[in-house]
**Q** 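I am attaching a structure below and will ask some questions about it afterwards.
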2 protein chains.
Amino acid sequence: MEEIDRAIVAALTADGRLSYTDLAERVGLSVSAVHQRVRRLEQRGVIKGYAARVSFEAMELPLTAFVAIRPFDPSQPDDAPERLAHLPEIDSCYSVAGEDFYLLLVRVASPADLERVLQAIRTAANVTTRTTVVLSTAYEGRPPKISAGPPTRGRGRAVGEGTGSTAG
Amino acid sequence: MEEIDRAIVAALTADGRLSYTDLAERVGLSVSAVHQRVRRLEQRGVIKGYAARVSFEAMELPLTAFVAIRPFDPSQPDDAPERLAHLPEIDSCYSVAGEDFYLLLVRVASPADLERVLQAIRTAANVTTRTTVVLSTAYEGRPPKISAGPPTRGRGRAVGEGTGSTAG
DNA sequence: GTTGAAAGGCTTACTTT
DNA sequence: AAAGTAAGCCTTTCAAC
C-alpha cells in the first residue's frame, strides 16, 4: 500500500467523518483523486466501514470484563463463537493460544448483569468461565501505527523514505 | 436517554457516515431536529467521535495479542499507562482486577515485532509480561445493545436525567 | 492515475410554530 | 423541542490530459 493510502487511512481512522475536501488538502491530492482512492480502499476491504465511537458509560454499560472460556468437554465440537453470537453483551470474541480456548470482551450495566451474562455464556457454549473485571480503561481503540513505510517487510521503500532502519 | 436518541446512536454506531437526511428518515424526525439531537449527543460526550473501521490484516498488522503486565516492584508508583502510551502498537490499556495490574491489547506485524514490543513494554514500565496470542478474531467491536429501553429492569438512570445542573 | 468542472445533494443556520 | 426554508459547501460523476 502506498504512502498516500496510508495517510488517508490514518486520517479517516482519527476522524471518520472527514470530508473529501479536507482529506484532499491533508494528503495533497485533488478531491477526485482522494475520492477514487477511498472508494478503492473500501472495495478492497482495507476500510471495512465507519462507526460512531460511543461512551459506554453514557450508554449505561459502565462495566467491562474479559471472560476466558474453556469447554467442559474438549471432545465436543468447538463452535463457541456461533453459540455466543446472540448475546449482545459480548463485544468481541478471540480464539487464543494458551490455557483458554476463547477470550471474550463483555460490556454490561451492572454486576448483576455480568452474572446473568456469565450464566448465559456457560449454558450456551457449555464452557467454564474465568472473568477479569476491568476497573478502568486508560485508553482503548487507539489508531494503529500508520506512518510512512511498512513496519517490517522489505518489499519497497515509500516515497521520501531514507534508510531501511526499523521504525520505532 | 430517550428512545429517539438511542435510535440515533444505534444508527450511527452501525454507519458513522449516515447523512442527516437518512438519519431523519430512519428515526422519523425532520432533518433539523435530528441535527440538533446529534449535536447535543456529541456535546454531552455520548458520541465521542467517528472512526473508519480498518482491516488490521490489510494494514500489515495481522498479529494481535493480549499482554497482562505486573510490576517488578509493586511499591513503585504505578503509572504504566502513561509510560506505555508512546508505543503505537498498544491498541488498548485496561486496569484490571485479579492477579495482573493491566491488560494490554497489542497489534503488530510479526512475531519479531511482538518480541520487540514486549521488550519495550518491560523496560518502559518496569513490568513482567504474560502474553496470550490471538489465533483468530471471531468478531470484534460489535455494536452494543441499544434497543428501546434500559437493559436492566427499572433501576437504571438515563444519562442527563440526573439531578441539578449539567455543564454545557 | 490525476485533474478540473458542473449538477445534484447535503449541511448548517435562521426563523417560525 | 420540532419543522421549514435558504445559502453555501460538499459529493459525485463525467470528460480530458
Side-chain angles (χ1 to χ4, degrees), chain A residues 1-54 58-59 146 148-150 155-161, chain B residues 1-54 58-60 146 148-150 157-168:
Chain A
M1 191 158 61
E2 299 176 8
E3 181 182 352
I4 294 177
D5 282 341
R6 290 179 178 278
I8 290 173
V9 171
L12 288 178
T13 303
D15 183 358
R17 294 199 94 168
L18 264 181
S19 69
Y20 292 110
T21 305
D22 291 344
L23 208 49
E25 243 180 81
R26 285 206 195 188
V27 304
L29 255 62
S30 68
V31 174
S32 303
V34 164
H35 189 195
Q36 187 172 340
R37 279 174 179 267
V38 170
R39 287 183 66 175
R40 284 189 59 193
L41 287 169
E42 291 170 351
Q43 287 175 353
R44 282 163 50 196
V46 177
I47 294 176
K48 292 191 293 184
Y50 303 87
R53 297 186 297 106
V54 302
M59 292 310 297
I146 305 170
R155 192 185 138 236
R157 275 186 304 179
V159 181
E161 188 180 342
Chain B
M1 191 159 61
E2 298 176 8
E3 182 180 354
I4 294 179
D5 282 341
R6 290 180 177 277
I8 290 173
V9 171
L12 287 177
T13 303
D15 183 358
R17 294 200 93 167
L18 265 180
S19 68
Y20 292 111
T21 306
D22 290 345
L23 207 49
E25 243 179 83
R26 285 207 194 187
V27 304
L29 254 63
S30 69
V31 174
S32 304
V34 165
H35 190 197
Q36 187 174 342
R37 278 175 179 267
V38 171
R39 288 185 67 175
R40 285 187 59 192
L41 287 168
E42 290 171 350
Q43 287 176 351
R44 283 162 49 193
V46 177
I47 295 176
K48 293 192 293 185
Y50 303 87
R53 297 186 297 108
V54 303
M59 292 312 295
E60 299 171 3
I146 306 170
R157 176 170 60 83
V159 178
E161 279 183 26
T163 61
S165 60
T166 308

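Proteins get letters first, then strands, A, B, ... in listed order; numbering begins at 1 in each.
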**Q** Find the distance A/Leu29:CG to C/dG4:P and express it as a whole number of Å.
**A**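 So the two atoms are 11 Å apart, to the nearest Å.
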
**Q** Under 3.5 Å, sequence neighbours excluded: what are the donor-acceptor pairs made by side chains of residues 7-18 of chain A?
**A**
{"residue": "A/Thr13", "atom": "OG1", "partner": "A/Val9", "partner atom": "O", "Å": "2.6"}
{"residue": "A/Asp15", "atom": "OD1", "partner": "A/Arg17", "partner atom": "N", "Å": "3.0"}
{"residue": "A/Arg17", "atom": "NE", "partner": "B/Gly16", "partner atom": "O", "Å": "3.3"}
{"residue": "A/Arg17", "atom": "NH2", "partner": "B/Leu18", "partner atom": "O", "Å": "2.9"}

**Q** For nucleotides 11-13 of chain C, print each protein N/O atom paired with a nucleotide N/O atom at under 3.5 Å, atom names and distance only.
**A**
{"residue": "C/dT11", "atom": "OP1", "partner": "B/Tyr20", "partner atom": "N", "Å": "3.3"}
{"residue": "C/dT11", "atom": "OP2", "partner": "B/Tyr20", "partner atom": "N", "Å": "2.9"}
{"residue": "C/dT12", "atom": "OP2", "partner": "B/His35", "partner atom": "NE2", "Å": "3.1"}
{"residue": "C/dA13", "atom": "OP2", "partner": "B/Arg39", "partner atom": "NH1", "Å": "2.6"}

**Q** Taking only residues two or more places apart in sequence, or in another chain, which ones meet A/Tyr50 in a ring pair (Phe, Tyr, Trp, His ring centres under 6.0 Å)?
**A**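 Once residues adjacent in sequence are excluded, A/Tyr50 has no partner under the ring pair (Phe, Tyr, Trp, His ring centres under 6.0 Å) criterion.
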
**Q** Rounding to an integer number of Å, can you tell me how far B/Glu25 CD sits from D/dA3 P?
**A**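 After rounding, the reported distance stands at 14 Å.
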
**Q** Please report the distance, rounded to the nearest Å, between CD1 in B/Ile8 and C1' in D/dA2.
**A**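 Value for this atom pair: 12 Å.
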
**Q** With sequence neighbours excluded, give me every salt bridge (Lys or Arg N to Asp or Glu O under 4.0 Å) pair touching residues 31-43 of chain B.
**A**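 Sorted result for residues 31-43 of chain B: B/Glu2-B/Arg37, B/Asp5-B/Arg37.
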
**Q** Kindly state which residues belonging to residues 47-54 of chain B come within less than 4.0 angstrom of DNA chain C, counting heavy atoms of the residue only, listed by number.
**A**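 Result for residues 47-54 of chain B: none.
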
**Q** Write down the atom of B/Lys48, the atom of A/Val54, and the distance for their closest heavy-atom approach.
**A**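 Closest approach of B/Lys48 to A/Val54, heavy atoms only: CE-O, 3.6 Å.
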
**Q** List, with names and distances, any nitrogen or oxygen atoms from the protein found under 3.5 Å away from nitrogen or oxygen atoms belonging to nucleotides 15-17 of chain D.
**A**
none

**Q** Show me the pairs that pass ring-ring contact (aromatic ring centres under 6.0 Å, His included) and involve residues 7-45 of chain A, at least two apart or across chains.
**A**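 Those involving residues 7-45 of chain A are A/Tyr20-A/His35.
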
**Q** Nearest 0.5 angstrom please: B/Ile4 CD1 to B/Arg6 CZ, how far?
**A**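 It comes to 12.5 Å.
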
**Q** Could you tabulate the donor-acceptor pairs under 3.5 Å formed by side-chain atoms of residues 23-30 of chain B, not counting sequence neighbours?
**A**
{"residue": "B/Ser30", "atom": "OG", "partner": "B/Ala33", "partner atom": "N", "Å": "3.2"}

